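Reviewing the structure listed below.
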Protein chains: 2
Amino acid sequence: MSLRHAVLGLLAELPRASGYDLLKMFEISLDNVWPATQSQLYGELGKLAKEGMIEVAAEGARGRKEYELTDAGRAELLHWLLEVPPKPARRDDTLLRVFFLGQVGPEAARDFLTKQGKELDRRLADLLDLEGRIKWDDDNLAVYGRLAMEYGKRFMAMRRDWYEWAAKEIEGHERDGS
Amino acid sequence: MSLRHAVLGLLAELPRASGYDLLKMFEISLDNVWPATQSQLYGELGKLAKEGMIEVAAEGARGRKEYELTDAGRAELLHWLLEVPPKPARRDDTLLRVFFLGQVGPEAARDFLTKQGKELDRRLADLLDLEGRIKWDDDNLAVYGRLAMEYGKRFMAMRRDWYEWAAKEIEGHERDGS
DNA sequence: CAGCTCATGTAATACGTTACATGATTAC
DNA sequence: GTAATCATGTAACGTATTACATGAGCTG
(Lines give C-alpha, C1' and ligand atoms only; values in the text may rest on other atoms or scores of the structure.)
Protein backbone atom coordinates (compact mmCIF):
# COMPACT_ATOMS: atom_id res chain seq x y z
CA MET A 1 0.00 0.00 0.00
CA SER A 2 2.99 2.34 -0.33
CA LEU A 3 2.63 3.56 -3.88
CA ARG A 4 0.18 6.14 -2.58
CA HIS A 5 2.72 7.35 -0.05
CA ALA A 6 5.37 7.70 -2.71
CA VAL A 7 2.94 9.87 -4.64
CA LEU A 8 2.02 11.93 -1.59
CA GLY A 9 5.71 12.32 -0.73
CA LEU A 10 6.61 13.57 -4.19
CA LEU A 11 3.71 16.03 -4.14
CA ALA A 12 4.96 17.27 -0.77
CA GLU A 13 8.39 18.01 -2.20
CA LEU A 14 7.22 19.54 -5.45
CA PRO A 15 3.83 21.08 -4.93
CA ARG A 16 1.78 21.00 -8.10
CA ALA A 17 2.69 18.25 -10.51
CA SER A 18 0.88 16.30 -13.22
CA GLY A 19 0.76 12.54 -13.55
CA TYR A 20 3.26 12.90 -16.33
CA ASP A 21 5.62 14.95 -14.15
CA LEU A 22 5.32 12.44 -11.34
CA LEU A 23 6.05 9.60 -13.72
CA LYS A 24 9.34 11.27 -14.66
CA MET A 25 10.16 11.66 -10.97
CA PHE A 26 9.49 7.99 -10.40
CA GLU A 27 11.80 7.15 -13.25
CA ILE A 28 14.70 9.37 -12.29
CA SER A 29 14.64 9.38 -8.52
CA LEU A 30 12.52 6.53 -7.18
CA ASP A 31 13.41 3.83 -9.65
CA ASN A 32 15.56 1.92 -7.17
CA VAL A 33 13.35 2.48 -4.17
CA TRP A 34 9.77 2.26 -5.34
CA PRO A 35 9.26 1.80 -9.08
CA ALA A 36 5.84 2.48 -10.57
CA THR A 37 4.40 2.13 -14.02
CA GLN A 38 2.31 4.70 -15.83
CA SER A 39 -0.89 2.64 -15.46
CA GLN A 40 -0.41 2.26 -11.79
CA LEU A 41 0.31 5.93 -11.28
CA TYR A 42 -2.74 7.26 -13.10
CA GLY A 43 -4.91 4.76 -11.29
CA GLU A 44 -3.55 5.81 -7.92
CA LEU A 45 -3.93 9.52 -8.73
CA GLY A 46 -7.61 8.91 -9.47
CA LYS A 47 -8.10 7.09 -6.18
CA LEU A 48 -6.21 9.69 -4.13
CA ALA A 49 -8.26 12.49 -5.68
CA LYS A 50 -11.51 10.68 -4.96
CA GLU A 51 -10.43 10.21 -1.35
CA GLY A 52 -9.53 13.88 -0.99
CA MET A 53 -5.81 13.33 -0.41
CA ILE A 54 -4.89 15.37 -3.47
CA GLU A 55 -6.81 17.75 -5.72
CA VAL A 56 -6.56 19.19 -9.20
CA ALA A 57 -5.18 22.69 -8.66
CA ALA A 58 -4.88 23.65 -12.32
CA GLU A 59 -5.53 22.25 -15.77
CA GLY A 60 -3.22 22.86 -18.68
CA ALA A 61 -2.82 22.04 -22.34
CA ARG A 62 -3.36 18.52 -23.68
CA GLY A 63 -5.64 17.59 -20.79
CA ARG A 64 -2.84 18.15 -18.31
CA LYS A 65 -4.01 18.09 -14.68
CA GLU A 66 -1.79 19.54 -12.00
CA TYR A 67 -2.34 17.97 -8.64
CA GLU A 68 -1.71 19.45 -5.23
CA LEU A 69 -1.54 17.87 -1.81
CA THR A 70 -4.52 18.60 0.46
CA ASP A 71 -4.31 18.89 4.25
CA ALA A 72 -5.73 15.39 4.52
CA GLY A 73 -3.03 14.17 2.15
CA ARG A 74 -0.26 15.82 4.13
CA ALA A 75 -1.64 14.36 7.36
CA GLU A 76 -1.71 10.89 5.82
CA LEU A 77 1.88 11.31 4.65
CA LEU A 78 3.15 12.34 8.08
CA HIS A 79 1.20 9.59 9.75
CA TRP A 80 2.74 7.01 7.45
CA LEU A 81 6.21 8.48 7.77
CA LEU A 82 6.42 8.36 11.55
CA GLU A 83 3.75 6.05 12.86
CA VAL A 84 3.32 3.16 10.47
CA PRO A 85 6.03 0.58 11.16
CA PRO A 86 8.00 -0.05 7.97
CA LYS A 87 7.83 -3.65 6.93
CA PRO A 88 11.02 -4.92 5.35
CA ALA A 89 10.58 -6.82 2.10
CA ARG A 90 10.99 -10.51 2.75
CA ARG A 91 11.22 -12.06 -0.67
CA ASP A 92 14.70 -12.41 -2.08
CA ASP A 93 15.12 -14.12 -5.42
CA THR A 94 18.84 -14.65 -4.99
CA LEU A 95 18.60 -16.13 -1.52
CA LEU A 96 15.97 -18.53 -2.75
CA ARG A 97 18.44 -19.82 -5.32
CA VAL A 98 21.06 -20.26 -2.63
CA PHE A 99 18.64 -22.36 -0.62
CA PHE A 100 18.46 -24.90 -3.41
CA LEU A 101 21.98 -24.59 -4.70
CA GLY A 102 22.81 -27.98 -3.22
CA GLN A 103 20.94 -29.45 -6.19
CA VAL A 104 23.74 -28.59 -8.61
CA GLY A 105 26.76 -29.88 -6.72
CA PRO A 106 29.53 -27.90 -5.04
CA GLU A 107 31.56 -26.86 -8.11
CA ALA A 108 28.61 -25.36 -9.96
CA ALA A 109 27.38 -23.81 -6.72
CA ARG A 110 30.73 -22.16 -6.06
CA ASP A 111 30.90 -20.88 -9.63
CA PHE A 112 27.44 -19.43 -9.32
CA LEU A 113 28.30 -17.60 -6.10
CA THR A 114 31.55 -16.27 -7.55
CA LYS A 115 29.76 -15.05 -10.65
CA GLN A 116 27.10 -13.26 -8.62
CA GLY A 117 29.80 -11.62 -6.51
CA LYS A 118 31.52 -10.29 -9.61
CA GLU A 119 28.23 -9.05 -10.99
CA LEU A 120 27.59 -7.09 -7.80
CA ASP A 121 31.08 -5.68 -7.90
CA ARG A 122 30.32 -4.34 -11.37
CA ARG A 123 27.03 -2.87 -10.25
CA LEU A 124 28.67 -1.23 -7.27
CA ALA A 125 31.25 0.32 -9.58
CA ASP A 126 28.43 1.66 -11.77
CA LEU A 127 26.72 3.12 -8.73
CA LEU A 128 29.91 4.82 -7.57
CA ASP A 129 30.32 6.21 -11.05
CA LEU A 130 26.75 7.51 -11.01
CA GLU A 131 27.31 9.05 -7.59
CA GLY A 132 30.34 10.92 -8.89
CA ARG A 133 28.32 12.38 -11.74
CA ILE A 134 25.34 13.55 -9.71
CA LYS A 135 25.30 17.22 -8.86
CA TRP A 136 23.61 17.30 -5.47
CA ASP A 137 21.93 20.55 -4.61
CA ASP A 138 20.69 21.41 -1.17
CA ASP A 139 17.00 20.62 -1.18
CA ASN A 140 15.45 17.90 0.92
CA LEU A 141 15.31 15.36 -1.87
CA ALA A 142 19.07 15.78 -2.29
CA VAL A 143 19.95 15.55 1.41
CA TYR A 144 17.86 12.46 1.95
CA GLY A 145 18.62 11.14 -1.51
CA ARG A 146 22.29 11.00 -0.46
CA LEU A 147 21.33 8.82 2.48
CA ALA A 148 19.53 6.50 0.10
CA MET A 149 22.59 6.42 -2.15
CA GLU A 150 24.80 5.42 0.76
CA TYR A 151 22.32 2.68 1.62
CA GLY A 152 22.52 1.37 -1.93
CA LYS A 153 26.32 1.33 -1.79
CA ARG A 154 26.45 -0.47 1.53
CA PHE A 155 23.82 -2.96 0.42
CA MET A 156 25.70 -3.88 -2.72
CA ALA A 157 29.04 -4.11 -0.93
CA MET A 158 27.49 -6.31 1.74
CA ARG A 159 26.08 -8.69 -0.85
CA ARG A 160 29.31 -8.79 -2.81
CA ASP A 161 31.28 -9.64 0.32
CA TRP A 162 28.75 -12.28 1.30
CA TYR A 163 28.95 -13.95 -2.12
CA GLU A 164 32.72 -14.08 -1.88
CA TRP A 165 32.50 -15.53 1.62
CA ALA A 166 29.83 -18.05 0.58
CA ALA A 167 31.88 -19.21 -2.41
CA LYS A 168 34.81 -19.91 -0.05
CA GLU A 169 32.52 -21.78 2.33
CA ILE A 170 31.43 -24.08 -0.47
CA GLU A 171 35.01 -24.59 -1.50
CA GLY A 172 35.65 -25.87 2.01
CA HIS A 173 32.85 -28.38 1.63
CA GLU A 174 34.18 -29.36 -1.76
CA ARG A 175 37.51 -30.30 -0.22
CA ASP A 176 35.71 -32.22 2.52
CA GLY A 177 34.15 -34.28 -0.21
CA SER A 178 30.71 -33.62 1.26
CA MET B 1 7.31 -16.02 -10.94
CA SER B 2 9.48 -17.66 -8.29
CA LEU B 3 6.93 -19.33 -6.10
CA ARG B 4 6.94 -22.22 -8.54
CA HIS B 5 10.70 -22.55 -8.20
CA ALA B 6 10.47 -22.58 -4.44
CA VAL B 7 8.00 -25.46 -4.77
CA LEU B 8 10.17 -27.31 -7.27
CA GLY B 9 13.20 -26.76 -5.06
CA LEU B 10 11.51 -28.16 -1.99
CA LEU B 11 10.31 -31.18 -3.95
CA ALA B 12 13.86 -31.73 -5.13
CA GLU B 13 15.13 -31.83 -1.56
CA LEU B 14 12.35 -33.96 -0.15
CA PRO B 15 10.96 -36.17 -2.86
CA ARG B 16 7.31 -36.91 -2.32
CA ALA B 17 5.46 -34.31 -0.30
CA SER B 18 1.87 -33.14 -0.04
CA GLY B 19 0.65 -29.55 -0.25
CA TYR B 20 0.27 -29.68 3.49
CA ASP B 21 3.86 -30.87 3.99
CA LEU B 22 5.15 -28.19 1.68
CA LEU B 23 3.19 -25.54 3.52
CA LYS B 24 4.95 -26.53 6.73
CA MET B 25 8.28 -26.29 4.95
CA PHE B 26 7.43 -22.83 3.74
CA GLU B 27 6.57 -21.82 7.27
CA ILE B 28 9.62 -23.21 8.99
CA SER B 29 12.38 -22.81 6.47
CA LEU B 30 11.38 -20.38 3.73
CA ASP B 31 9.47 -17.84 5.78
CA ASN B 32 12.21 -15.22 5.56
CA VAL B 33 13.17 -15.92 2.00
CA TRP B 34 10.01 -16.65 0.08
CA PRO B 35 6.81 -16.75 2.13
CA ALA B 36 3.73 -18.35 0.61
CA THR B 37 0.18 -18.73 1.78
CA GLN B 38 -1.88 -21.89 1.67
CA SER B 39 -4.09 -20.57 -1.16
CA GLN B 40 -1.16 -19.67 -3.26
CA LEU B 41 0.52 -22.98 -2.71
CA TYR B 42 -2.43 -25.19 -3.63
CA GLY B 43 -3.04 -23.03 -6.69
CA GLU B 44 0.55 -23.37 -7.81
CA LEU B 45 0.58 -27.12 -7.22
CA GLY B 46 -2.41 -27.42 -9.51
CA LYS B 47 -0.72 -25.41 -12.23
CA LEU B 48 2.58 -27.27 -11.92
CA ALA B 49 0.80 -30.61 -12.18
CA LYS B 50 -1.13 -29.49 -15.25
CA GLU B 51 2.12 -28.37 -16.88
CA GLY B 52 3.78 -31.70 -16.10
CA MET B 53 6.44 -30.28 -13.77
CA ILE B 54 5.22 -32.40 -10.88
CA GLU B 55 2.90 -35.38 -10.58
CA VAL B 56 0.82 -37.13 -7.97
CA ALA B 57 2.89 -40.14 -6.97
CA ALA B 58 0.60 -41.42 -4.23
CA GLU B 59 -2.68 -40.60 -2.56
CA GLY B 60 -3.23 -41.02 1.16
CA ALA B 61 -5.87 -40.56 3.81
CA ARG B 62 -8.01 -37.40 3.95
CA GLY B 63 -7.54 -36.72 0.26
CA ARG B 64 -3.80 -36.35 0.75
CA LYS B 65 -1.90 -36.13 -2.54
CA GLU B 66 1.82 -36.70 -2.53
CA TYR B 67 3.61 -34.94 -5.31
CA GLU B 68 6.86 -35.84 -6.94
CA LEU B 69 9.13 -33.87 -9.23
CA THR B 70 9.11 -34.99 -12.89
CA ASP B 71 12.11 -34.79 -15.20
CA ALA B 72 10.62 -31.68 -16.77
CA GLY B 73 10.28 -30.16 -13.30
CA ARG B 74 13.86 -30.93 -12.40
CA ALA B 75 15.05 -29.46 -15.69
CA GLU B 76 13.07 -26.30 -15.05
CA LEU B 77 14.55 -26.02 -11.56
CA LEU B 78 18.14 -26.37 -12.79
CA HIS B 79 17.52 -23.94 -15.61
CA TRP B 80 16.18 -21.36 -13.18
CA LEU B 81 18.95 -21.97 -10.66
CA LEU B 82 21.84 -21.40 -13.01
CA GLU B 83 20.62 -19.61 -16.09
CA VAL B 84 17.91 -17.16 -15.09
CA PRO B 85 19.52 -13.99 -13.79
CA PRO B 86 18.26 -13.31 -10.25
CA LYS B 87 16.52 -9.99 -10.05
CA PRO B 88 17.04 -8.25 -6.72
CA ALA B 89 13.88 -6.89 -5.14
CA ARG B 90 13.75 -3.18 -5.71
CA ARG B 91 11.00 -1.95 -3.44
CA ASP B 92 12.07 -0.94 0.03
CA ASP B 93 9.45 0.47 2.35
CA THR B 94 11.99 1.91 4.77
CA LEU B 95 14.10 3.61 2.14
CA LEU B 96 10.99 5.21 0.73
CA ARG B 97 10.35 6.79 4.10
CA VAL B 98 13.90 8.07 4.23
CA PHE B 99 13.40 9.73 0.89
CA PHE B 100 10.64 11.90 2.29
CA LEU B 101 11.97 12.27 5.80
CA GLY B 102 12.81 15.91 5.07
CA GLN B 103 9.11 16.60 5.48
CA VAL B 104 9.25 16.16 9.25
CA GLY B 105 12.25 18.29 10.16
CA PRO B 106 15.70 17.17 11.31
CA GLU B 107 14.92 16.30 14.94
CA ALA B 108 12.03 14.00 14.13
CA ALA B 109 14.03 12.55 11.23
CA ARG B 110 17.00 11.78 13.47
CA ASP B 111 14.73 10.22 16.09
CA PHE B 112 13.13 8.05 13.44
CA LEU B 113 16.48 6.81 12.17
CA THR B 114 17.74 6.10 15.68
CA LYS B 115 14.60 4.19 16.52
CA GLN B 116 14.85 2.07 13.38
CA GLY B 117 18.48 1.31 14.19
CA LYS B 118 17.54 0.08 17.65
CA GLU B 119 14.74 -2.02 16.22
CA LEU B 120 17.17 -3.71 13.86
CA ASP B 121 19.59 -4.31 16.68
CA ARG B 122 16.82 -6.14 18.53
CA ARG B 123 15.94 -8.19 15.47
CA LEU B 124 19.56 -9.09 14.93
CA ALA B 125 19.80 -10.26 18.54
CA ASP B 126 16.70 -12.42 17.99
CA LEU B 127 18.26 -13.91 14.87
CA LEU B 128 21.50 -14.72 16.69
CA ASP B 129 19.45 -16.32 19.41
CA LEU B 130 17.57 -18.40 16.84
CA GLU B 131 20.84 -19.39 15.21
CA GLY B 132 22.15 -20.66 18.52
CA ARG B 133 19.10 -22.82 19.01
CA ILE B 134 19.06 -24.43 15.58
CA LYS B 135 20.50 -27.89 15.36
CA TRP B 136 22.02 -28.01 11.91
CA ASP B 137 22.37 -31.41 10.42
CA ASP B 138 24.35 -32.19 7.34
CA ASP B 139 21.87 -32.28 4.50
CA ASN B 140 21.84 -29.78 1.68
CA LEU B 141 19.10 -27.66 3.14
CA ALA B 142 21.22 -27.23 6.27
CA VAL B 143 24.48 -26.42 4.47
CA TYR B 144 22.86 -23.85 2.24
CA GLY B 145 20.46 -22.76 4.95
CA ARG B 146 23.50 -21.69 6.97
CA LEU B 147 24.60 -19.48 4.10
CA ALA B 148 21.16 -17.90 4.09
CA MET B 149 21.39 -17.36 7.84
CA GLU B 150 24.69 -15.57 7.47
CA TYR B 151 23.15 -13.39 4.77
CA GLY B 152 20.32 -12.45 7.11
CA LYS B 153 22.78 -11.53 9.84
CA ARG B 154 24.92 -9.40 7.58
CA PHE B 155 21.91 -7.71 6.07
CA MET B 156 20.50 -6.73 9.44
CA ALA B 157 23.86 -5.56 10.75
CA MET B 158 24.40 -3.48 7.62
CA ARG B 159 21.04 -1.79 7.99
CA ARG B 160 21.57 -1.16 11.69
CA ASP B 161 24.92 0.46 11.00
CA TRP B 162 23.49 2.53 8.20
CA TYR B 163 20.68 3.83 10.41
CA GLU B 164 23.18 4.86 13.06
CA TRP B 165 25.32 6.57 10.45
CA ALA B 166 22.31 8.29 8.87
CA ALA B 167 21.10 9.57 12.25
CA LYS B 168 24.52 11.16 12.80
CA GLU B 169 24.44 12.70 9.33
CA ILE B 170 21.14 14.38 10.11
CA GLU B 171 22.52 15.60 13.42
CA GLY B 172 25.22 17.35 11.46
CA HIS B 173 22.59 19.08 9.36
CA GLU B 174 20.69 19.99 12.49
CA ARG B 175 23.70 21.85 13.86
CA ASP B 176 24.18 23.59 10.51
CA GLY B 177 20.70 24.95 10.93
CA SER B 178 19.77 23.66 7.48
C1' DC C 1 3.07 18.10 -42.35
C1' DA C 2 5.80 14.50 -40.17
C1' DG C 3 7.65 12.99 -36.15
C1' DC C 4 8.57 13.61 -31.26
C1' DT C 5 7.15 14.55 -26.69
C1' DC C 6 3.44 15.48 -23.75
C1' DA C 7 -0.52 13.60 -21.59
C1' DT C 8 -4.17 10.66 -20.10
C1' DG C 9 -6.59 6.66 -19.74
C1' DT C 10 -8.33 1.31 -20.12
C1' DA C 11 -7.85 -3.87 -20.58
C1' DA C 12 -5.86 -8.23 -19.78
C1' DT C 13 -3.20 -10.94 -16.99
C1' DA C 14 -0.54 -12.42 -13.12
C1' DC C 15 0.68 -12.52 -8.38
C1' DG C 16 -0.45 -12.11 -3.39
C1' DT C 17 -3.41 -11.84 0.88
C1' DT C 18 -7.39 -12.74 3.65
C1' DA C 19 -11.27 -15.07 4.43
C1' DC C 20 -14.52 -18.66 3.66
C1' DA C 21 -15.81 -23.57 3.28
C1' DT C 22 -15.56 -28.37 4.06
C1' DG C 23 -14.50 -32.67 5.79
C1' DA C 24 -11.51 -36.83 7.45
C1' DT C 25 -8.54 -38.77 11.07
C1' DT C 26 -6.23 -38.89 15.38
C1' DA C 27 -5.52 -38.19 20.34
C1' DC C 28 -7.33 -37.69 24.67
C1' DG D 1 -17.34 -37.53 21.66
C1' DT D 2 -14.95 -33.44 21.12
C1' DA D 3 -11.04 -30.91 20.09
C1' DA D 4 -6.87 -30.55 17.50
C1' DT D 5 -4.56 -31.54 13.47
C1' DC D 6 -4.47 -32.99 8.78
C1' DA D 7 -5.85 -31.85 4.25
C1' DT D 8 -7.73 -29.61 0.24
C1' DG D 9 -9.92 -26.25 -2.23
C1' DT D 10 -12.53 -21.55 -3.77
C1' DA D 11 -13.80 -16.50 -3.67
C1' DA D 12 -12.99 -11.72 -3.20
C1' DC D 13 -10.00 -8.20 -3.27
C1' DG D 14 -5.79 -5.50 -3.85
C1' DT D 15 -1.49 -4.63 -6.22
C1' DA D 16 1.73 -4.85 -10.32
C1' DT D 17 3.04 -5.51 -15.25
C1' DT D 18 2.34 -5.28 -20.10
C1' DA D 19 0.03 -3.85 -23.84
C1' DC D 20 -3.33 -1.20 -26.18
C1' DA D 21 -5.60 3.19 -27.45
C1' DT D 22 -6.04 7.98 -28.28
C1' DG D 23 -5.05 12.54 -29.12
C1' DA D 24 -3.04 17.47 -28.44
C1' DG D 25 0.82 20.51 -29.05
C1' DC D 26 5.61 21.53 -30.38
C1' DT D 27 9.81 21.30 -33.59
C1' DG D 28 11.93 20.97 -37.78
Side-chain angles (χ1 to χ4, degrees), chain A residues 1-8 10-11 16-28 30-51 53-67 80 84 87-93 96, chain B residues 1-8 10-11 14 16-28 30-51 54-67 80 84 87-93 96:
Chain A
M1 253 276 285
S2 278
L3 171 66
R4 63 183 324 134
H5 300 114
V7 172
L8 294 174
L10 285 176
L11 279 172
R16 214 161 277 233
S18 69
Y20 192 84
D21 295 339
L22 290 170
L23 188 62
K24 296 295 153 198
M25 290 299 295
F26 270 94
E27 281 165 6
I28 60 173
L30 284 180
D31 201 46
N32 288 298
V33 178
W34 207 273
T37 59
Q38 182 255 37
S39 298
Q40 235 189 319
L41 183 51
Y42 282 108
E44 194 63 44
L45 284 170
K47 276 193 239 168
L48 284 167
K50 204 159 58 183
E51 292 171 40
M53 301 281 183
I54 61 177
E55 62 189 12
V56 178
E59 306 208 22
R62 281 166 289 197
R64 176 184 174 90
K65 292 188 223 168
E66 292 188 326
Y67 290 96
W80 170 79
V84 179
K87 52 166 182 178
R90 289 154 79 208
R91 294 194 169 85
D92 190 316
D93 198 10
L96 184 61
Chain B
M1 256 274 288
S2 279
L3 171 67
R4 66 186 318 130
H5 300 113
V7 172
L8 294 173
L10 285 175
L11 279 172
L14 25 125
R16 214 162 278 232
S18 69
Y20 192 84
D21 295 339
L22 291 170
L23 188 61
K24 298 295 154 199
M25 289 300 293
F26 269 94
E27 281 164 7
I28 62 172
L30 284 180
D31 200 48
N32 289 299
V33 178
W34 207 274
T37 61
Q38 182 256 34
S39 298
Q40 235 189 318
L41 183 50
Y42 282 108
E44 194 62 45
L45 285 170
K47 274 193 242 168
L48 284 168
K50 204 159 56 184
E51 292 170 40
I54 61 178
E55 62 189 12
V56 179
E59 305 207 23
R62 280 166 289 199
R64 176 184 175 91
K65 292 187 224 168
E66 292 188 326
Y67 290 96
W80 169 79
V84 179
K87 54 166 180 176
R90 288 155 80 209
R91 294 193 169 85
D92 190 317
D93 197 9
L96 184 61

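Order of the sequence lines sets the chain letters (A, B, ...), proteins ahead of strands, with each chain counted from 1. Nothing here was measured: the structure is a model prediction, and the numbers come from that model. Computation of the quantities below employed the complete heavy-atom set of this structure, encompassing side-chain atoms and omitting hydrogens, waters and symmetry-equivalent molecules.
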Find the distance E44(A):CD to dT17(D):C1' and express it as a whole number of Å. 15 Å

Give the rounded distance in Å between these two atoms: CG of D31(B) and P of dT17(C). 11 Å

Counting C-beta onward and ignoring hydrogens, is there a side-chain heavy-atom pair between Y67(B) and V56(B) closer than 4.5 Å? yes

R90(A) CZ to dC15(C) C1', in whole Å, measures 16 Å

Can you measure from CG (L11(A)) to CG (L45(A)) and round to the nearest 0.5 angstrom? 7.5 Å

NZ of K50(B) versus P of dG9(D): gap in Å, rounded? 12 Å

Which is true for R4(A) with a 4.0 Å heavy-atom rule: it touches a base, it touches only sugar-phosphate, or it touches nothing? nothing

W34(B) CH2 - dT17(C) C1' separation (whole Å): 15 Å

Any donor-acceptor pair, under 3.5 Å, between the side chain of T37(A) and the base of dT18(D), if you only look at N and O atoms? no

Is there a side chain to side chain contact (heavy atoms under 4.5 Å, CB included) between V7(A) and W34(A)? Walk through the geometry before answering. CA-CA 10 Å; V7(A) 172; W34(A) 207 273; over 6 Å; no

Distances under 3.5 Å between protein N/O atoms and the N/O atoms of nucleotides 6-8 of chain D, please, pair by pair.
from, atom 1, to, atom 2, distance (Å)
dC6(D), OP2, Y20(B), OH, 2.5
dC6(D), O5', Y20(B), OH, 3.2
dC6(D), O4', R62(B), NH1, 3.2
dA7(D), OP1, R64(B), NH1, 3.1
dA7(D), OP2, R64(B), NH1, 2.8
dT8(D), OP1, K65(B), N, 3.0
dT8(D), OP2, G19(B), N, 3.4
dT8(D), OP2, Y20(B), N, 2.6
dT8(D), OP2, Y42(B), OH, 2.5
dT8(D), O5', Y42(B), OH, 3.4
dT8(D), O4, Q38(B), NE2, 2.6

Answer whether the closest heavy-atom distance between the side chains of D21(B) and R16(B) falls below 4.5 Å. no

Give a yes/no on whether any side-chain N or O of Q40(B) is located under 4.0 angstrom from OP1 or OP2 of dC15(C). no

Can you find a heavy atom in the side chain of L96(B) that is under 4.5 Å from one in the side chain of R91(B)? no

Would you say the side chain of W80(A) lies within less than 4.5 Å of the side chain of D93(B), judging by non-hydrogen atoms? yes

Can you find a donor-acceptor N/O pair under 3.5 angstrom joining the side chain of S39(A) to the base of dA16(D)? no

What is the distance from CG of L3(B) to C1' of dG16(C), rounded to the nearest Å? 10 Å

Between C1' of dT18(D) and CG of L41(A), the distance in whole Å: 16 Å

4.5 Å side-chain heavy-atom contact, L8(B) and H5(B): yes

